Each structure stands twice: as C-alpha cells, then as structure tokens.
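Read through the structure below, which is laid out as structure tokens, and then see the notes.
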Amino acid sequence: MKKIINDPFQFVDEVLEGILRAYPWHLKRAEGSNRALVRADAPVRGKVAIATGGGAGHIPVFLGYVGPGLCDGVCVGNVFSSPPPEAMLAVTKAIDGGRGVLYLYGNYSGDVMNFDMAAEMAEMEGITVRTVLAHDDVVSAPREEANRRRAVAGIYFAYKVAGACAAEGNDLEAVVQAAQRAADNTRSMGVALSPCTVPAAGKPTFTIGEDEMELGMGIHGEPGLERTKLKSADEITTIMLERILSDLPFRAGDEVAVLVNGLGATPPEELFVMYRKAHEIMLDYGLRIHKVLVGEYATSLEMAGASISLLKLDDELRRWLDAPAFSPFLLQQRFNTQSVR
Amino acid sequence: MKKIINDPFQFVDEVLEGILRAYPWHLKRAEGSNRALVRADAPVRGKVAIATGGGAGHIPVFLGYVGPGLCDGVCVGNVFSSPPPEAMLAVTKAIDGGRGVLYLYGNYSGDVMNFDMAAEMAEMEGITVRTVLAHDDVVSAPREEANRRRAVAGIYFAYKVAGACAAEGNDLEAVVQAAQRAADNTRSMGVALSPCTVPAAGKPTFTIGEDEMELGMGIHGEPGLERTKLKSADEITTIMLERILSDLPFRAGDEVAVLVNGLGATPPEELFVMYRKAHEIMLDYGLRIHKVLVGEYATSLEMAGASISLLKLDDELRRWLDAPAFSPFLLQQRFNTQSVR
Amino acid sequence: MSKALTLSQVAKALAYVAQSAMANAEKLRELDAATGDGDLGVTMTVGWKAVLEALPQLEQQGDIGKILAQAGMTFNRAAASTFGVLLATAMMRAGRQLQGKAEATLEDLVRALEAALQGVKERGKADVGDKTMLDAMAPALAALQEAASKGQSLPEALAQAAAAAEEGAAKTAGLKPRFGRAAWLGERAAQVQDPGATAVALMLRALADFCAQLD
Amino acid sequence: MSKALTLSQVAKALAYVAQSAMANAEKLRELDAATGDGDLGVTMTVGWKAVLEALPQLEQQGDIGKILAQAGMTFNRAAASTFGVLLATAMMRAGRQLQGKAEATLEDLVRALEAALQGVKERGKADVGDKTMLDAMAPALAALQEAASKGQSLPEALAQAAAAAEEGAAKTAGLKPRFGRAAWLGERAAQVQDPGATAVALMLRALADFCAQLD
Ligand SMILES: Nc1ncnc2c1ncn2[C@@H]1O[C@H](COP(=O)(O)OP(=O)(O)O)[C@@H](O)[C@H]1O
Ligand SMILES: Nc1ncnc2c1ncn2[C@@H]1O[C@H](COP(=O)(O)OP(=O)(O)O)[C@@H](O)[C@H]1O
Ligand SMILES: [Mg+2]
Ligand SMILES: [Mg+2]
Ligand SMILES: [Mg+2]
Ligand SMILES: [Mg+2]
C-alpha cells in the first residue's frame with residue numbers, strides 16, 4: 001500500500017484536520033461530533049438547510065459540496081463507510097435555519113439506515129427532515145427498479161440544483177422537489193481500470209488484470225456490468241453513452257448538462273479524450289449541450305477510471321445549475337447561461 | 001499501459017479537441033497551428049499579453065492557466081516535450097494586444113531553446129517579447145545556481161501574479177518584474193511514489209520499488225534527491241518544508257501562500273494529511289499563512305506523488321495573488337484578502 | 001457455570017467477542033472485497049475496539065440490557081456502516097429485552113435474539129434468504145429455541161446456535177443477493193459467502209466458546 | 001558512387017536515416033528514461049516520420065541545403081523538444097552551408113558538420129565533455145576532417161565518422177552531465193550513456209550505411 005499517510009486508522013480524522021486548517025474561513029466543526037462539518041456561517045437563518053454525508057475517500061464528494069449555493073453541512077464516515085447517526089444529528093442541529101433540513105445523499109444501504117436513524121432523532125428534537133437520494137448509476141439495477149440504484153458522480157447535479165433552489169429562499173417542499181427532479185433526471189455510468197486501497201484495510205478492494213477494465217464499476221469498487229479487455233477511449237465512451245441515453249431515455253432536442261468525472265488516478269487529459277467522443281455522440285443524437293464539466297467531481301481514492309453523467313435540463317434546472325456557488329473544492333464554472341453549442 | 005485513450009500518437013491532439021469542444025466559449029485555436037490555444041477573446045487590446053506553454057501531460061499546467069487574470073495563450077507540445085517555435089509564434093501573434101508579450105514558462109532546456117527561437121521570430125515581426133522562467137524546484141540545483149533549477153507546481157504563483165499585474169493595465173516591464181518577483185520568491189519540493197507512462201512511449205518513465213519513494217523527483221520523473229523507503233506523511237512533509245524554508249530563506253514573520261499539489265494519482269485526502277502537518281510546521285516557524293491552495297495544480301499524468309510550494313508575499317504580490325481570475329481548470333478560490341490564521 | 005450469565009460475565013463475553021472479531025477481521029475484509037467494498041474488516045476492528053474501550057464504563061450501569069444497547073451504539077458510532085447500524089439495531093433491541101436485568105438466562109437470550117432478528121428485518125427491510133446477516137441470525141435463533149425447549153444448558157444451546165449460524169452463513173454462498181452492495185452484482189455474487197452472515201457466525205461462535213469455558 | 005551525393009541521394013539518405021531512427025527508438029527511450037523523461041524515443045519516431053512524409057515535397061526544391069534545413073524544421077515542428085530544436089538547428093546550419101547545391105562532396109559535408117556543431121553549441125550553450133550530443137558530433141567531425149585530409153572516399157569517411165560518433169557516445173557513460181534534465185541528477189546520471197549522443201551516432205551510422213551501399 002503506497003500512500004502518503006500516517007496511522008491508517010487516523011486517516012479520516014487527519015484529513016478533516018487538514019481541511020479545517022486550510023479553510024477555517026469556509027468550514028467549521030458542528031458541536032458534538034468531530035466528523036460533522038458545516039458552513040462557517042451556519043446556520044443560515046431563513047434558508048432551507050441541506051445536509052449530506054457518507055463514507056470518506058471521495059473528495060470532493062461529500063464535504064467539497066458544502067458552501068454557499070450548495071449544502072450547509074456534511075457528516076463524514078470512515079473510508080467508504082457511512083457516518084453514524086450521532087454525527088448527522090450534530091450537523092442537522094448546527095445547520096437548521098428554521099425552515100427544515102433536506103438530507104441529500106447517495107443511495108447506499110449503510111447511509112440510508114444511519115441517516116434514517118438520524119432523521120428519527122432530529123424529528124424528536126423538533127426539526128423537520130426530508131430525504132432525497134441520488135441514484136444515478138444506470139448499471140446498478142434495471143430501469144424498472146431505478147430507486148434501487150446506487151449514486152455516483154451525478155450526485156453533483158442534485159447538490160447544485162438543490163443548493164441553488166434553497167439559496168433562492170424556497171421552502172423545504174420546493175427544495176425536495178428540485179433535488180428529486182435533478183436526481184431523477186440524471187444518469188451515469190462508470191468504468192474502472194485499477195483498484196484502490198482503503199488505508200485501514202491495507203489491501204486493494206479488488207484485483208484486475210493488466211489488460212482489463214470493469215465496465216459499470218461503482219465508486220467503491222462494487223462490481224459492474226462486465227469485465228473485459230481494455231477498450232479504446234472512443235469505444236468505452238460509446239458504450240457508456242448508449243447505455244445512458246437509452247435509459248432515461250434522453251430524446252433528440254433535449255438539453256443536457258454533461259459531467260465527465262475522473263475517479264482519481266485517471267489524468268484530466270484522458271477525460272478530455274472521452275469528452276471529445278461524447279460530444280460527437282451527443283450532437284449526433286440531437287442533444288443540445290448546455291454545460292460541460294470535466295474533472296474530478298467524485299473520486300475513489302487512487303482508483304483509475306472515469307464516469308460520464310448526463311442531466312436532462314428544463315428551464316428551472318438550467319437556472320439552478322447555472323446559479324453561483326462556492327466551495328474551494330469545486331472547479332471554477334461559468335455561471336451564465338450561454339449555450340455551448 | 002492502462003489508459004483511456006485511442007491512438008497514443010493522436011493523444012495530445014485528441015485532448016485538445018476535447019477541450020475545445022468542452023469550452024469553446026473559453027478557448028480557441030490560434031491561426032496557423034493546432035497546438036496553439038488562446039483566450040476566446042484574444043487579443044485583448046491594450047493589455048500586456050502572456051504566453052506560456054510546454055509539454056503536454058500536466059493539466060492544468062499549462063493550458064488550464066489561460067483566461068482572464070491569467071495567461072492569454074498557450075502552446076502545447078507532445079507529452080513531456082516542448083512545443084515548436086512555429087506554434088509559439090502563432091500564439092504570440094494571436095494574443096499581442098499592442099503592449100508586448102511576456103513568455104512565462106518553466107525552466108526546461110527544450111522549452112527555453114524553442115521559445116528563444118520563437119522570440120527571435122516574433123521580434124522579426126515587430127512584436128516585443130520578454131521572457132521569465134519559473135524555477136521553483138529547490139532540489140534541482142544548489143541555491144547559488146537557482147537559475148538552473150527546473151519548474152514544478154510553484155509556477156502557478158507566477159501565472160497568477162503576472163496575470164493579475166497585466167490585467168491591472170501595467171506595462172510589459174512591470175509585468176516582467178511582477179512575474180520575476182513571484183518566480184524568485186517561490187520554492188517547491190516534490191515526492192513521487194509511482195511512475196507514469198508517456199502514451200506514445202508505452203512504458204513507464206521509471207521504476208520504483210513497492211515500498212520506495214523518490215524525494216525531490218521532478219514532474220517528468222526526473223530523478224530527485226534520493227530514493228528511500230516510503231516514509232509517513234508527517235516525515236515527508238517535514239523534510240520538504242525544512243528544505244523549502246531554509247532555501248529562500250523564509251524568516252519568522254514572513255507572510256506566505258502555500259500550495260500542496262497532487263501529481264495525479266495521489267488522492268486529495270492525502271494532500272490534506274500533508275497540509276495538516278505543513279500548517280503546524282509553518283506556524284511553529286513563525287510564518288503568517290495568507291492563502292492555502294490544495295489540489296491538482298500541476299500533474300504528471302497518472303504519477304502518484306505530491307509537492308509543496310511556498311510563495312513569500314509582499315503587499316503587491318498579495319494583491320495580485322488575491323485578484324480575480326478565471327479558468328474552468330482552476331479550483332475556485334477566495335479572492336478577498338482575509339488572512340487564514 | 002450457573003444457569004444464567006451474570007453482568008460481569010456478559011461484559012467479559014463482549015470483550016471476548018471483540019477480541020475474536022478483531023482477530024478475524026482480515027477474513028471478513030476479503031469476503032466483503034469480493035462482493036462489496038472491502039470495509040467490513042475495518043468496521044469490525046474499529047467498532048469492536050471502541051466497544052472494548054468503553055466496556056469498563058458500560059459495566060458501571062449494572063444492567064445487562066444497557067450494556068448491550070450501549071455497546072451497539074458505541075460500535076456504530078465508531079464504525080457506522082450497513083453492518084454497524086444493523087448490529088447496533090440488533091443489540092439495542094436485544095438490550096431492550098434484557099433491560100434492568102443483572103442476570104440473563106437461556107430464555108432471556110432467546111427473547112433477545114428474537115428481538116434482534118426482528119430489529120434487523122425492520123431496519124434493513126430484507127428477509128431470510130436475501131443473502132444477508134439474517135441468514136445466520138435466523139438459523140441461530142431456531143437452534144437456540146430448540147435447545148431451550150429441550151432443556152439444554154446455556155453453553156450447549158449457544159454452541160448449537162453458533163453451529164447453525166455457521167451453517168447458515170456457509171449456505172449464503174448459493175444465494176442471490178438482493179440487498180446491500182452485493183445486490184448490484186446479481187449472479188456474479190452468487191458464489192461468494194455473505195460477509196455479514198459470516199461476521200454474525202463468528203461473533204456467535206466466540207460467545208459460545210466463551211460460555212463453554214465458564215465453570 | 002561518384003565523389004558526391006546527388007540531390008535524390010540526399011533525399012534517399014534522409015529516408016534511410018528516418019527508418020533507422022524509428023527502428024531504434026525504443027533503445028533511445030530507455031536511455032532517456034534512465035536519466036531524463038523518457039520521451040526521446042517518441043521524439044525520434046514522430047520527428048522522423050514527419051520528415052519522411054515531407055520528403056517528396058522537400059525534394060521538389062532542387063536544393064540540398066533547403067532539403068536539409070526544411071527537414072530539420074519539419075522534425076522540430078512535429079516533435080519539438082531539446083533534441084528536436086538542437087537537431088533542427090544543426091540541420092539548418094548545415095543546410096545553409098549547402099544552399100543552392102545539387103551535389104554534396106565530402107568537403108561540403110565537412111563544412112556542413114562544422115556549422116552544425118557550431119550551431120548546437122550556440123543554441124544549447126554546452127561544450128564538448130558536458131555529456132550531450134556534442135560528444136558524438138565533435139569526434140565525428142574530427143574523423144570526417146581527417147578522412148578528407150587523407151583523401152578518403154565519401155563512404156569511407158562517413159563510416160569513420162559514424163564509428164567515432166559511436167565511440168564518443170559510449171564514452172559519455174563516464175561523464176557528469178551539466179545540461180538538460182540529466183544535469184539535475186548529478187552523480188547519479190554519470191554511469192548512463194547520453195541518449196542524445198547515442199541518437200547522433202545512430203543517425204550517422206545510418207547515413208554511412210546508406211552511402212556504403214551506393215554504387
Ligand atoms: N438490508 C439488509 N439487511 C440485512 N443485512 C444487510 C442488509 N444489507 C446489507 N446487509 C449485510 O451487511 C453486510 C455488509 O456490511 P458492510 O460491509 O458494512 O456494508 P457496506 O460496506 O456495503 O455499507 C452484508 O454482507 C450483509 O450481510
Ligand atoms: N544544452 C544542450 N546542448 C546540447 N545538447 C543537449 C543540451 N541539453 C540536452 N542535450 C541533449 O538532448 C538530449 C535529450 O533530449 P530530449 O529527450 O529531447 O530532452 P528533454 O526531454 O530533456 O527536453 C540529451 O541526451 C543531450 O544529448
Ligand atoms: Mg462500506
Ligand atoms: Mg522531454
Ligand atoms: Mg462493506
Ligand atoms: Mg527527454
């Protein structure tokens with residue numbers, strides 16, 4: 001295991017310490033848990049608050065999506081493991097601005113059960129909590145069971161949309177609707193080329209041949225569609241987009257935002273080689289490309305691989321996607337609405 | 001070689017195609033070379049223009065640093081190889097806004113010789129060109145021969161400072177001075193844990209044992225100080241900072257900006273574990289930490305490793321560092337001047 | 001041993017289970033890596049270590065129910081996860097059955113395991129046969145009930161429960177997962193033994209071993 | 001062959017050198033990877049491929065000097081790099097000496113190589129002994145001059161120049177680098193043969209082989 005770390009069992013806590021030392025003007029700890037981080041100016045009075053969280057090892061997911069126009073707080077578990085309800089409750093109390101709290105996170109059973117516990121505890125303290133789950137990974141369940149699907153990088157769209165909707169001053173129900181709409185209109189698919197190692201586990205999560213890739217693998221190394229010989233960037237991109245486009249399904253004339261995400265070890269250069277082909281396919285398909293995001297939006301430690309996510313836009317989703325947002329973990333984006341095409 | 005690519009010999013051209021398809025509102029090709037990219041609104045009349053460039057494989061270096069408040073154009077070579085003078089001339093002509101052009105790039109002999117040729121050609125076309133070289137890597141030559149040192153991630157500070165100085169409307173001489181001041185007050189040191197493979201070469205640039213690291217290795221895999229057993233994050237960070245702090249030398253009371261850079265495969269989490277220790281050391285040393293940047297600012301394809309860079313600030317450098325700048329390759333930054341400590 | 005576990009024996013039993021869980025973490029990591037995300041080994045190590053450290057304090061409560069419930073919560077606080085929250089739920093439900101008690105008989109343990117099983121079903125919405133920890137818990141409960149009805153001793157009953165859990169865990173190798181990460185794998189996960197069920201069997205085996213050595 | 005290379009022979013010679021350079025790229029990649037960044041193999045492949053493709057067009061110019069100069073520029077345009085720009089400089093300087101010529105004698109080649117050496121020194125600011133391509137070029141020039149002064153044939157002279165370049169390249173293994181990436185290595189690079197010098201020797205050997213087979 002080759003990592004720049006100290007004690008693997010202190011890994012997550014040291015990461016959070018480093019982040020708080022780097023950005024004390026941006027994030028602070030919530031009272032009652034050192035795994036609960038919230039906006040430095042939390043609670044924002046009169047605004048619906050958004051809490052997220054999940055296992056560590058995916059930066060900028062989840063804590064990188066806390067900030068103005070994004071989430072208000074985040075709860076961090078051990079690497080690839082859910083945070084406990086106590087930490088989520090601490091976040092909830094620290095961010096509640098009097099208009100209710102949205103729990104917005106990825107559909108993983110550990111997270112769901114722990115957050116549900118936290119929601120029960122929060123309700124007992126008089127805080128209204130609603131939950132929306134991202135579930136964008138097309139290969140993780142058939143279309144009819146889309147609500148069983150796991151979340152990957154497409155969760156970014158749900159954060160961005162819900163965060164902007166909340167920032168506009170809308171009520172909890174509206175923010176829930178916006179988040180749900182973003183989640184339901186996002187489709188992603190990934191590919192992995194090499195594994196990663198959970199520091200405290202000390203061994204790679206999976207093994208894969210020198211000339212193999214796993215199509216559809218999840219961001220924790222959960223197996224995907226199939227393991228095949230390594231294909232070319234154009235072939236991989238084509239397979240992904242075929243699967244994504246037919247799933248929602250997207251239709252000619254639809255306006256979309258697209259996110260090409262690197263899992264960690266895959267260089268940005270390769271993501272742009274993928275985007276080159278994706279762009280061609282999307283135009284051939286008749287899509288209008290409103291926004292293109294390329295970079296690391298959800299990583300898996302040092303795993304090599306990438307995913308592509310598409311969000312089908314409507315006027316509101318477009319406005320929320322284009323609204324300003326800030327986090328030092330986020331790549332700079334253009335916030336006006338000029339179309340790419 | 002495990003990469004998401006097509007023909008390795010088309011790699012760089014396909015990367016640039018992908019980038020131009022993704023961000024056509026931000027970048028365009030300069031006339032006369034498909035390896036020459038400039039701001040979509042180039043030339044900016046009445047502003048000193050800044051050109052940069054170098055081998056591919058280091059995104060966001062170099063092309064990610066083109067944009068408002070940064071460079072005006074960039075010339076892209078093959079992976080880890082200098083671009084040719086013709087491309088640099090094409091950039092120069094496309095960005096010249098009538099107030100001269102600064103060539104700002106890293107001190108690598110291939111780049112220097114090719115850019116010098118380009119400068120000669122540009123002067124023949126009546127464009128005034130000045131050159132400033134980044135040379136921040138402390139281990140690549142002794143302190144007395146600092147001008148022989150190569151550039152690593154610390155070049156970011158020179159871009160940011162020169163770009164802001166030019167954006168303020170200053171003349172070429174002032175922009176040269178600003179860039180030189182940033183370059184001369186930056187010190188970096190890196191560590192590499194695993195190699196990368198130049199796509200067209202097909203084999204890793206170097207080999208390294210499963211339990212080894214190379215202290216001081218350059219961003220193309222150029223050997224560094226020494227090869228040792230893998231040390232802890234705290235030990236590595238301590239070695240780096242000792243070398244950096246004693247080199248300029250930095251003194252107690254100095255105000256600094258610090259950049260912890262990932263080489264590609266090293267997860268952001270590990271960079272924050274390093275920053276955690278760096279912060280402690282800098283405070284113990286009596287430094288005032290004005291700005292902290294953590295992320296991928298100069299990569300080496302899929303190499304694992306990291307570097308730390310420090311810029312010693314003065315009032316002007318601080319202002320320029322904090323000035324707004326935009327590129328979709330850049331992490332969002334706080335542009336006000338509130339101190340971190 | 002007498003016919004019931006005392007408060008201090010329960011605490012010692014938990015410590016014994018903790019040691020055993022930590023010693024077997026690598027095996028669980030491997031199983032979880034095969035079909036999931038490979039964190040179950042770490043979860044067991046970190047969670048049980050936290051319980052071990054908290055035990056002296058928990059013992060002060062003088063209540064077997066509270067020890068169990070709080071040990072479960074301690075586990076999940078340190079190592080929240082699917083397994084963590086389900087184990088916590090199981091122990092909290094079991095604890096509720098034993099609340100106020102300073103001794104636990106075999107009948108008490110039957111009621112506790114019944115409640116634990118019910119709790120895991122409610123929290124996780126899975127059922128027996130879905131290739132989860134339930135597939136170790138359910139046969140263990142059945143064995144415990146049968147032993148109790150036959151009037152067997154507490155150590156004998158626990159040994160049979162452990163054996164039944166092990167058998168149940170082994171049989172998960174043939175089941176198609178419907179819950180948790182492994183569900184995304186479908187057929188590809190069918191041949192691998194469920195890590196959560198294996199962990200349950202492991203913990204029950206440790207508990208049985210501990211009780212067997214009591215005099 | 002006659003005592004001079006014709007225009008079409010120069011073009012064929014360049015094609016021959018190109019083929020040989022591409023065939024030996026892997027060896028150069030390895031050497032460059034040992035002390036530098038491992039791109040020299042790609043540089044040679046990409047650069048000479050571009051020259052090969054441009055040759056038919058370059059030959060139209062009817063001028064050996066222009067062929068050489070433009071081949072150099074073509075190489076660097078396709079594969080700019082330290083080596084690329086130095087090779088381009090060398091070929092441009094050599095080309096300037098042969099400008100307007102439709103034939104090149106041994107004496108012409110001596111002048112051309114002299115100019116090339118001077119050009120590389122000026123562009124790169126290194127000197128003989130600094131573990132660079134100069135350490136192959138300088139002995140090659142000396143051998144060519146000596147062969148010319150002895151009245152040897154052009155193919156004989158080139159064979160001796162190639163041998164001298166090879167010897168010079170081999171000797172760089174003992175030198176401490178002062179320029180290029182290898183300089184950052186200091187002592188650690190001392191034992192490795194310089195890739196640029198090796199490339200020069202390789203190209204001269206191909207040129208000599210080509211001329212030897214002319215009748
Ligand atoms: N819905 C469920 N009900 C009961 N047990 C479950 C459920 N989902 C998962 N499990 C159990 O949890 C185990 C995995 O635990 P853990 O590694 O913590 O999960 P994860 O890492 O996927 O969050 C599985 O082997 C299974 O026994
Ligand atoms: N200043 C110099 N003068 C002459 N030759 C040089 C100089 N610097 C480097 N070289 C030659 O260039 C070779 C490396 O070429 P190349 O791989 O293109 O360089 P890089 O990849 O470092 O830019 C060296 O082996 C050496 O022979
Ligand atoms: Mg997990
Ligand atoms: Mg190079
Ligand atoms: Mg798991
Ligand atoms: Mg090289």
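These numbers were taken from a predicted model, which means no experiment stands behind them. Labels below follow one simple rule: chain letters A, B, ... track the order of the sequence lines, proteins then strands, and each chain is numbered from 1. Heavy atoms only: backbone and side chains are in, while hydrogens, waters and symmetry mates are out.
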Under a 4.5 Å heavy-atom cut-off, does chain D meet the side chain of [X], its backbone, both or neither?
| X | result |
| --- | --- |
| B/Asp116 | both |
| B/Pro204 | backbone |
| B/Glu145 | neither |

query = Judged by atom type as modelled, is there a donor-acceptor pair below 3.5 Å linking the side chain of B/Lys3 to the main-chain atoms of B/Thr197?
reply =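 Indeed, once roles are kept as given, a pair shorter than 3.5 Å links the two residues.
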
key: Minimal non-hydrogen separation, B/Ser307 against B/Ala153, with atom names   =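 Shortest heavy-atom separation between B/Ser307 and B/Ala153 comes out as OG-CB, 3.8 Å.
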
query = Does the ring centre of B/Phe62 sit less than 6.0 Å away from the ring centre of B/Tyr105?
reply =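 No, the ring centres sit 6.0 Å or more apart.
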
inquiry  = Report which part of D/Arg123 has an atom under 4.5 Å of a heavy atom belonging to chain B: side chain, backbone, both, or neither.
reply    =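 Interface part for D/Arg123: both.
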
query = Is it the backbone or the side chain of D/Leu40 that comes under 4.5 Å from a heavy atom of chain B, or both, or neither?
reply =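 The answer is neither part of D/Leu40.
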
Polar side chain donor-acceptor pair, D/Ser81 to B/Ser81, under 3.5 angstrom =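 No, no side-chain donor-acceptor contact under 3.5 Å.
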
Atom pairs and distances, donor-acceptor, side-chain atoms in residues 69-79 of chain D, under 3.5 Å, two or more places apart:
| unit_1 | atom_1 | unit_2 | atom_2 | d |
| --- | --- | --- | --- | --- |
| D/Gln70 | OE1 | D/Gln61 | NE2 | 3.1 |
| D/Thr74 | OG1 | D/Gln70 | O | 2.6 |
| D/Asn76 | OD1 | D/Val85 | N | 3.0 |
| D/Asn76 | ND2 | B/Asn114 | OD1 | 2.6 |
| D/Arg77 | NH1 | B/Glu86 | OE2 | 3.3 |

